[in-house]
Amino acid sequence: MKSEITISELAKLMNVSVHQIRYFEEKGILQPAYTDTNQYRKYGMDQVYELARILLLRKLEVPVQSIKACMTSYSADQQRQLLHHSLQDIEAELQRLQELQQFILKVLHEEQSFSLQPNQFQVKKRDLTFLTRFIELDSHTRLDAARLAEEAGRVPNLFESDIHYLYDGSNTVTLYLESQTSGEVSLPKGDYLSLQCLIHEEELEHLIEHFFDYAAAQSFPLQGPLVVIERSYLSLFSPHQLHYELQALITPPANPDGRG
DNA sequence: ATTCTAACA
DNA sequence: TGTTAGCA
């Protein structure tokens, strides 16, 4: 009575596909115990343990190619290095997923904040924010794809960012990105008049006029530059429209010690 | 019924 | 990686 098993039995035992076992053989990392006269592959306990080792390395994201060298001619030190490399990859992946998680939470938060108060003026508290300069534009120059392609390469995940436009009264508009620690410009902590809308880009000028009209009518003393925040990622919920939030400081700047 | 190889998406 | 075809 033969104690070896067929490829499908091995596949079921180890929870992998038959194809994958043949693939390992093709790559030279798992040979059958023997092949029957009918060309059927047969596997014994040695192969079971061998496959378990292979699958463990695969779990650690060691590439099939490396597994071959690893099991034939690697020193213990090289094996350690292989595992360290896998560990680094996994840490990078973990960080990627955490950043993705943060982004999703941000989208949900911003979307809810908008859906609760759409197209309405509000007064919002803002913490001190630093901005780093990104692109400068002439007042009425459109930002075109070519210009964006020149400048945007160095900014990863640009379209997952809150892009800040500062209208400071001069004839240039500057695009900024938020920065936690420092930047060329800071927005002071304080109360900001806020209006957020989903509109088409060409309606932005009109929206800005509306914002200033309202502020004047309500006698809000606008203290600083107009801040326009573009959150293009909120277009997830409404294609062909862009989310803008207009803000302007309405309280006097805080004391230098920040404890006004 | 199961496995084989080979080629393809 | 999964799927398919034609074969033993």
Value rounded to 0.5 Å, distance of CD in A:Gln20 from CG in A:Asn15: 11.0 Å

Taken to the nearest whole Å, CG/A:Leu10 to P/B:dC4 is 11 Å

Between C:dT1 atom P and A:Ile21 atom CD1, what is the distance in whole Å? 12 Å

Would you indicate, yes or no, if C:dT1 has its OP1 or OP2 atom less than 4.0 angstrom from a side-chain nitrogen or oxygen of A:Gln20? yes

Taking atom types as they are modelled, would you say the side chain of A:Tyr40 forms a donor-acceptor pair with the base of B:dT2 within the 3.5 Å cutoff? yes

Under 4.0 Å between a side-chain N/O of A:Arg41 and OP1 or OP2 of B:dT3, yes or no? no

In whole Å, I'd like the distance from the OH atom of A:Tyr23 to the C1' atom of C:dG2. 13 Å

Which nucleotide in B:dT2, C:dG2, B:dC4 has an atom nearest any side-chain atom of A:Ser8: B:dT2

With a 4.0 Å cut-off on N to O distance, would you call A:Asp191 and A:Lys124 a salt bridge? no

Pair A:Arg147 + A:Glu151: basic N to acidic O under 4.0 Å: yes

Mind calculating the distance between CD1 (A:Ile5) and P (B:dT3) to the nearest angstrom? 11 Å

Please determine, for B:dT2, whether a Watson-Crick or G-U wobble partner exists with both distances under 3.5 Å, and give it or none. C:dA8

Whole-Å gap separating C1' (B:dT5) and CD (A:Glu26): 11 Å

Touch class at under 4.0 angstrom, heavy-atom based, for A:Arg22 against every strand present: base

A:Ser17 side chain near C:dT1 phosphate (N/O to OP1/OP2, under 4.0 Å): no

Nearest-Å distance for atom pair NE2/P, residues A:His19 and B:dA6: 13 Å

Are A:Arg96 and A:Glu93 close enough for a salt bridge, meaning some N to O gap below 4.0 Å? yes

Spacing between A:Lys42 atom NZ and B:dT2 atom C1', to the nearest angstrom: 11 Å

Verify, without hydrogens or angle tests, whether A:His243 (side chain) and A:Ser235 (backbone) share a donor-acceptor contact under 3.5 angstrom. no

